[in-house]
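One structure is given below, encoded as structure tokens.
The sequence lines fix the lettering, A, B, ..., with proteins before strands; numbering per chain opens at 1.
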Amino acid sequence: MNSRRHEFPHREDALAWAPPRLTATAELTDVGMPAHVADELERRMAAVAHEEATGEDSRRPLSARELTGYVLTTVAICLLGLLVVIA
Amino acid sequence: MSETGEAGEARATRHHRESAEQELDRESSYGTFPLLKHERTWSGWDFTWVNTALAIATWAFLVGGSTALLVGFQQGVAAMIIGNAIGLCFMVLASVVASQRYGSEQYTLLRGAFGVVGVGILVFTVILVTEMGWSALLAIMAGRAASQVASTVSGVELDQYGPAVVVGALLAILLAWFVLSRGPVTIGKFNKWIAPGLAVITVVMFGFLVVNTSWGALLDAAPLAPFDDATLNFMVAVEFNVGVGVSWYPVMGSLARMTVSRKAAVWPAYGGLLVATLIAQMVGMGAALTLGDSDPTLWMVPFGGPVLGVAVLVFIAFANITSMSSIIYSTILAIRQSSGRLLARIPWTVLTASFFVLPAILSFFPQFMYEQFMVFVSVSGAFLTAVCGVAVADYFFLRRQRMDLRELHLAQHGQLYAYPGGVNGAGMLGLVAGAAFYLWLYNPITLDTQPVFSVITASFPAALVAAVVYLLATALIHRGRRLSPEPVPVPVTTGTTSTAPTQAKEGRA
């Protein structure tokens with residue numbers, strides 16, 4: 001099967017330029033993935049994107065509050081460790 | 001067409017469909033598929049037990065014993081708390097958070113930072129060597145437990161690094177391969193029983209230790225082989241424990257993707273590993289300080305008696321086997337992902353068996369592996385902290401916690417994560433800078449340190465250097481390049497291809 005690679009005048013152009021592309025399934029089957037596996041992968045990626053877009057809780061990013069709480073907990077545990085040395 | 005011909009055709013179609021379904025099942029368990037909501041079944045408690053089972057493997061006793069070389073009990077506990085807290089903090093941010101969100105293991109998600117070929121280089125060098133080293137150590141520890149059991153049962157004195165240890169280690173590898181070949185569900189089932197058992201046994205061992213020595217002796221015991229500088233001793237102990245915390249990186253993403261929510265992933269990963277590790281390490285350190293050896297396989301039978309001692313050792317040996325299975329499962333997933341389609345066709349059992357070749361060879365050198373343990377943890381830590389630094393910078397700062405799964409899988413055939421030659425030079429530069437900075441601050445082989453090491457240690461600053469170099473290099477090398485996916489439109493239906501961020505502008509040619 002023919003490769004769908006493009007030639008670019010400058011290597012960074014290749015990364016910035018958006019050529020007309022096929023679907024992910026077609027691209028993946030081109031590199032040797034069986035069609036039914038590529039189809040299933042595509043279905044799953046779409047489902048994850050859907051959950052992400054609709055704000056499904058398990059697909060949300062870590063909030064600033066959660067992140068701060070997490071880092072502060074680490075700092076508190078380190079201080080506890082220092083207390084053990086001092087005590 | 002004749003009836004026979006139609007029946008044959010139907011049979012062939014059925015066979016084709018069945019083999020396709022089998023392949024999809026295989027890909028789902030061992031392969032590339034991001035997990036869907038209904039497939040992510042681990043609650044916070046489930047994940048806590050998985051992490052506890054991993055953390056209370058006998059490597060934790062060995063870490064405690066190595067810490068006792070430098071500091072006494074009180075300072076050792078402090079070093080373990082601080083070191084593990086710091087190491088686990090950025091390890092969890094680097095691997096667990098993104099994997100939980102996208103249901104995908106961390107190596108696919110690293111393609112943005114290193115490129116698809118770059119991740120392959122990383123996996124086939126740093127990750128593979130690290131995990132093979134840990135697997136060999138676990139096998140040898142299981143072998144030592146088996147040797148001690150054999151010695152107790154037969155009444156014959158056996159060398160602690162002798163042939164019985166090697167045979168036991170090889171047997172452990174064989175059993176780990178068997179468990180692994182049954183898949184992740186079997187590993188999870190074993191962990192559910194082994195983790196609570198190990199927690200109880202560790203507490204019992206600590207009780208035995210205190211009863212057979214004394215609390216006062218434990219607190220007064222001097223470190224076994226310290227440097228002259230007390231501050232340096234403490235900081236090297238902290239650094240060693242940071243390395244231990246970071247050493248969970250290669251496996252955590254693959255496990256975290258099974259969890260149902262952020263809460264079920266982040267806190268059990270951090271807290272489960274921290275608490276369980278600390279308890280087991282304290283036992284190892286206490287034993288090393290008062291008895292001269294951290295390995296419970298040596299002192300459990302004399303203290304616990306032949307029946308209880310042997311029962312505990314058998315349990316410890318088995319726990320090591322399940323720990324081995326867990327870490328190798330994640331590593332094989334990474335290898336499969338990073339090899340493109342090359343290894344995807346190789347049966348899972350063959351692939352897992354081939355992983356065990358080097359650990360099996362290393363099992364013939366148990367004394368060497370034990371004596372070089374601290375060097376191994378620190379050197380692998382130098383590279384893993386740098387990987388973590390780059391991963392955190394990429395996910396939190398550069399991508400703002402937004403990845404495009406489709407583009408990640410397309411890699412060089414996509415736009416967002418395609419790089420010249422498949423390698424993101426910025427990521428590689430960050431990795432090399434971070435690791436070099438670590439080894440400059442603290443060389444675990446020669447034990448040379450810079451004066452500033454006694455203030456800032458090595459791992460955390462190395463991760464910071466890796467992150468900063470990565471961000472600066474990205475700004476220079478990839479100026480003007482789009483780094484995050486386009487805003488996701490709210491889709492109309494599930495499972496249609498029109499819902500994806502980059503799919504909207506694509507059309508079938």
Atom pair [atom1]/[atom2] of [X] and [Y] - distance to nearest 0.5 Å:
X        : Y        : atom1 : atom2 : value
B:Tyr102 : A:Arg59  : OH    : CZ    : 9.5 Å
B:Phe33  : A:Arg43  : CZ    : CZ    : 9.0 Å
A:Met45  : B:Asp404 : CE    : CG    : 8.5 Å
A:Leu62  : B:Gln401 : CG    : CD    : 5.5 Å

Comparing B:Leu405, B:Ile81, B:Leu36 against chain A, the one with the most heavy-atom pairs below 4.5 Å turns out to be B:Leu36
Among B:Val260, B:Leu93, B:Val77, who wins on heavy-atom pairs under 4.5 Å with chain A?
-> B:Leu93
How about A:Glu42 and B:His409: do any of their side-chain heavy atoms sit closer than 4.5 Å?
-> no
Can you find a pair of side-chain heavy atoms, one from B:Arg40 and one from A:Ser58, that are under 4.5 Å apart?
-> yes
So, B:Tyr270 and A:Thr74: side-chain donor and acceptor under 3.5 Å apart, yes or no?
-> yes
For B:Gln74 and A:Val84, what are the C-alpha separation, side-chain angles and deciding distance, and is it a side-chain contact (heavy atoms from CB on, under 4.5 Å)?
-> CA-CA 7 Å; B:Gln74 200 174 343; A:Val84 173; 4.1 Å; yes
Residue pairs involving residues 61-70 of chain A (criterion salt bridge (charged side-chain N to carboxylate O under 4.0 Å, His left out); sequence neighbours excluded) = A:Glu66-B:Arg262
Proximity breakdown for B:Lys263 and chain A, heavy-atom pairs closer than 4.5 Å = neither
Check whether B:Val92 gets within reach of chain A through its side chain, its backbone, both or neither, counting any heavy atom under 4.5 Å.
-> both
What pairs of donor and acceptor atoms, side-chain ones from residues 82-90 of chain B against any protein atom, are under 3.5 angstrom apart with sequence neighbours left out?
| residue | atom | partner | partner atom | Å |
| --- | --- | --- | --- | --- |
| B:Asn84 | ND2 | B:Met80 | O | 2.9 |
| B:Asn84 | ND2 | B:Asn241 | OD1 | 3.4 |
| B:Asn84 | ND2 | B:Gln281 | OE1 | 3.4 |

Using a strict 4.0 Å threshold on nitrogen-to-oxygen distance, state whether B:Arg101 and A:Glu56 make a salt bridge.
-> no
Should we count CZ of B:Phe460 as having more than 12 external heavy atoms under 6.0 Å?
-> no
Against chain B, label A:Leu67 side chain, backbone, both or neither, depending on which of its atoms sit under 4.5 Å from a heavy atom there.
-> side chain
